[in-house]
Amino acid sequence: TSLRPRQERPALQKLLELLLPNLERKDPRQFFAWPVTDSIAPGYSSIITKPMDFSTMKQKIEDNQYRTLQEFTDDFVLMCNNAMTYNQPDTVYYKAAKRLLHTGLRTLTAEKVRPYVPTIS
Ligand SMILES: CC(=O)c1cc(-c2ccccn2)c2ncccn12
């Protein structure tokens, strides 16, 4: 529950520290490794209101900012959807995001991952 003090969620933090590299390996060209800058993507910060990338997700894990697996999954989906919003469908970035979204969600929703998540968040 949200009343639970932060330090009492080691199981979730350890799970996320295991899941993140698994997801990052699905992005071998590291398109999603770092925040997208306006210099590499003109107008990006005007179009994408909630940017997200793997380095930010890693920092949020270390800062204990994820209370549930769902919050972590939501950031992953946001990151992929941002790329499919800014980039046109015929670009490498859009195609990489679409593939990453589907293969990543398969990992995050796998039966073997679910038992490690406490039923109460
Ligand atoms: C994720 C994304 O939208 C993205 C990553 C990159 C990117 C990521 C690493 C190196 C070079 N480009 C990018 N470049 C242009 C337009 C969009 N992007």
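Ligands are counted one by one from 1 in listed order, and the atoms in each one are counted from 1 as well. Along the sequence shown, the residues carry numbers beginning at 1.
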Atom 9 (C) of ligand 1: the protein heavy-atom neighbour that sits closest, reported with distance to 0.1 Å
Gln30 O, 4.0 Å
Any idea which part of Trp34 is under 4.0 Å from ligand 1, heavy-atom wise: side chain, backbone, both or neither?
neither
If hydrogens are left out, which of Tyr94, Tyr86, Tyr44, Tyr93 has an atom nearest to atom 18 (N) of ligand 1, that is, the closest non-hydrogen atom?
Tyr93
Using heavy atoms and a threshold below 4.0 Å, how should the contact between Asn87 and ligand 1 be classified: side chain, backbone, both, or neither?
side chain
Within reach of ligand 1, part of Val36 (heavy-atom separation under 4.0 Å)
side chain
Lys26 NZ: over 12 foreign heavy atoms closer than 6.0 Å:
yes
Here the atoms of ligand 1 under 4.0 Å from any heavy atom belonging to Ala41 are 16 (C)
Would you mind checking which non-hydrogen protein atom is closest to atom 7 (C) of ligand 1, with the distance to 0.1 Å?
Ile40 CD1, 3.6 Å
Verdict with reasoning, Phe76 to Leu100, per side chain to side chain contact (heavy atoms under 4.5 Å, CB included)
CA-CA 9 Å; Phe76 174 76; Leu100 177 61; 3.8 Å; yes
Using a 6.0 Å cut-off, check whether atom CD of Glu62 has over 12 heavy atoms from anything other than its own residue.
yes
Find all atoms of ligand 1 within a distance of less than 4.0 Å from any non-hydrogen atom belonging to Phe31, and give their numbers and elements.
1 (C), 5 (C), 8 (C)
Neighbour count >12 (heavy atoms, 6.0 Å) for atom NZ, Lys60:
yes
Examine distances only and state if a side-chain atom of Asp38 and a backbone atom of Tyr44 form a donor-acceptor pair shorter than 3.5 Å.
yes
What heavy-atom pair brings Tyr86 and Gly43 nearest, and what distance separates the two atoms?
CE1-C, 4.4 Å
